[in-house]
2 protein chains.
Amino acid sequence: MRTIRYHGIADELRLRVSSGVYAAGRLLPSESVMSVEFSVSRVTIRKALEILRDEGLVKARQGFGWFVAGKPVQQPLGRLATIEDQMRDSGMQPERRILEFVFEKAPRDVATILGTQQVLRVTRLNTADNEPFALVTVWCSADLGQHLSRADVERSPFYELLEVPLSGASQTIGADAARAPEAELLNIPIGSPVLRCERITSGTSGQVVLVSRHVFPAHRTEFVVELPFAEPSIAPSGLRLVD
Amino acid sequence: MRTIRYHGIADELRLRVSSGVYAAGRLLPSESVMSVEFSVSRVTIRKALEILRDEGLVKARQGFGWFVAGKPVQQPLGRLATIEDQMRDSGMQPERRILEFVFEKAPRDVATILGTQQVLRVTRLNTADNEPFALVTVWCSADLGQHLSRADVERSPFYELLEVPLSGASQTIGADAARAPEAELLNIPIGSPVLRCERITSGTSGQVVLVSRHVFPAHRTEFVVELPFAEPSIAPSGLRLVD
DNA sequence: ATGTATACAACTATAATACAAGTGTGGTTA
DNA sequence: TAACCACACTTGTATTATAGTTGTATACAT
């Protein structure tokens, strides 16, 4: 299977940036240096860097260099309140009802993400004032889950029960039509639109810890995302920290 | 009865694609390579591949290669960029068709957000590989829009045309059922799920510059949010309840 | 009708190269 | 001391060349 060169290079550079090999605010090696390191032309290196620029990971200044963009991009996203907080603020009573708590063989896609076949699956229904508003399925590896009991997940949020420190997550948001079982549980007509969200939560060492799927009735929920734009961020002048 | 060669080859390739031997979004071996592998001519390989293309399993781009289709376009959030670049990276050919370009009185909600009654409204249809992909309506104040022509917005993304520096945006994502007019334009059945987004883009001095509404067919799009650090919750961040 | 062989056009990614424009540094000059 | 300038180095941009890819057509064999 052929791969496009600069995609692979972008992957490698993304790894270095996110893993801290290239620290925040510091200059990256120049395009020429990198082109020698990867044994490709400067054009190809640029292509890879431009991908990372589009992702907001790095920035460039003509005549100066490429440097790792700071954290400000990530700040506004993290500041958004979670749904439970908002519900409590508006005086609602959030509750969760555990529907299933089983150790089983994971669906293939989940298995490949988690890297394990045997998993613990917990399916729960979140309600607010006795109105269902979210159907959640969480998978984690059977190893991790074997310390948990059904009573545990009924009492506390999942994240508090795991002894693994969590570091980050990737969240995918899409729309879909409600299928029969979930429609019944959520008390909505079959085929009515729902928000479908898949979240992959990773540990500090980068391994995938949790996979969770959420289904929300569309008419009751929406996502809000704050998007920061290219701020005038100028790296301190005269600062060249290439080791 | 003679067995037709390329039917068998198509079966084999279909198997590889659906079983994940050829991962989604990645390139297949070139026609020449495959013709050697199957010991047939390039023409025969093409016939097999064209069968799979008709089935929507793979796509081709001249001078680039064949790649596995089916993966919905993922829009990374957390950066303010056009999705068209993203689509080009995944090997698609994005185009936009301007449906309407009118100066008019804004709907009340848009007028209150923009702070103006007289606005320029541009409605366009984004396509990828001649498949409708997004229905977008953009409003900006008539003052700002009067420098623009229909040809301008046909050629370049809206952001590049405005002389006002942009600072950030707030985006609301929800699901909905497709209504009649948009369903027809997007070539989907009425009532099928769509992603509905409202984006409010602001300038550096905080004033609202653009209001835009986007409608995406659900099966073709999803949004991705990268969260650097896990929120203290399994629930997706940014989700809010609709009043 | 089906498959092979061949040729060529159009397109893509990459390489190699050149030059413009911006930045920091250090030396020179007034 | 302060202003200036030359220089090395950077990114930004454009051009040309090339190998490899799909798109398409034609001739021919089975």
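Order of the sequence lines fixes the chain letters, A, B, ..., with proteins taken first and strands second; residue numbering starts at 1 for each chain.
- Atom-to-atom, CZ of Phe67(B) to C1' of dC11(C) comes out at 14 Å; the value is rounded to the nearest Å.
- A side-chain N or O of Thr123(B) and one of Arg121(B) form a donor-acceptor pair less than 3.5 Å apart.
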Pairs under 3.5 angstrom only: tabulate donor-acceptor contacts from the side chains of residues 47-56 of chain B to other protein residues two or more places apart or in another chain.
from	atom 1	to	atom 2	distance (Å)
Glu50(B)	OE2	Arg46(B)	NH2	3.2
Glu55(B)	OE1	Arg14(B)	NE	2.8
Glu55(B)	OE2	Arg14(B)	NE	3.4
Glu55(B)	OE2	Arg14(B)	NH2	2.8

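- Considering only heavy atoms from C-beta on, Ile188(B) comes within 4.5 Å of Val194(B) through its side chain.
- Closest to the side chain of Gln62(A), out of dA21(C), dA13(C), dG24(C), is dA21(C).
- A straight line from CD1 of Ile9(A) to C1' of dT14(C) spans 10 Å, rounded to a whole angstrom.
- The side chain to side chain donor-acceptor pair (under 3.5 Å) pairs that include a residue from residues 184-195 of chain B number zero, where partners must be two or more places apart or lie in different chains.
- The Glu31(A) side chain lies nearest to dT11(D) when the options are dT12(C), dA9(C), dT11(D).
- Rounded to whole Å, atom C1' of dG12(D) lies 16 Å from atom CD1 of Ile45(A).
- For the residue pair Ser32(B) / Ser35(B), no side-chain donor-acceptor distance below 3.5 Å is found, with atom types taken as modelled.
- Between dT10(D) and Trp66(A), no contact under 4.0 Å exists linking OP1 or OP2 to a side-chain N or O.
- Contact annotation: Arg46(B) side-chain N/O to dG23(D) OP1/OP2 distance is under 4.0 Å.
- For the pair Phe64(A) CZ and dC9(D) C1', the interatomic distance rounds to 12 Å; values are reported in whole Å.
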Distances under 3.5 Å between protein N/O atoms and the N/O atoms of nucleotides 14-19 of chain D, please, pair by pair.
none

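- The interatomic distance linking Ile51(B) (CD1) with dT2(C) (P) rounds to 11 Å, in whole Å.
- The salt bridge (charged side-chain N to carboxylate O under 4.0 Å, His left out) search around Glu182(B) returns Arg196(B), not counting sequence neighbours.
- With dG23(D), dA13(C), dT11(D) as the candidates, the nucleotide lying closest to the side chain of Ala60(A) is dT11(D).
- As a whole-Å value, the separation of Leu49(A) CG from dT11(D) P is 8 Å.
- Applying the side chain to side chain contact (heavy atoms under 4.5 Å, CB included) test to Val36(A) and every residue at least two apart in sequence or in another chain returns nothing.
- Taking side-chain N and O atoms only, Ser30(B) has no distance below 4.0 Å to OP1 or OP2 of dG20(D).
- Between the NZ atom of Lys59(B) and the C1' atom of dC11(C) there is a distance of 18 Å, rounded to whole Å.
- As a whole-Å value, the separation of Arg61(B) CZ from dA13(C) C1' is 10 Å.
- For Arg97(B), the salt bridge (charged side-chain N to carboxylate O under 4.0 Å, His left out) criterion is met by no residue, not counting sequence neighbours.
- Contacts of residues 32-42 of chain A with DNA chain C (heavy atom under 4.0 Å): Ser39(A), Val40(A), Ser41(A), Arg42(A).
- In terms of phosphate contacts, Thr44(A) brings no side-chain nitrogen or oxygen within less than 4.0 Å of OP1 or OP2 of dA13(C).
- Judged as a salt bridge (charged side-chain N to carboxylate O under 4.0 Å, His left out), and not counting sequence neighbours, the contacts of Arg179(B) are Asp176(B).
- Contacts classified as salt bridge (Lys or Arg N to Asp or Glu O under 4.0 Å) and involving residues 204-219 of chain B (residues at least two apart or in different chains) are given here: Asp109(B)-Arg213(B), Glu198(B)-Arg213(B).
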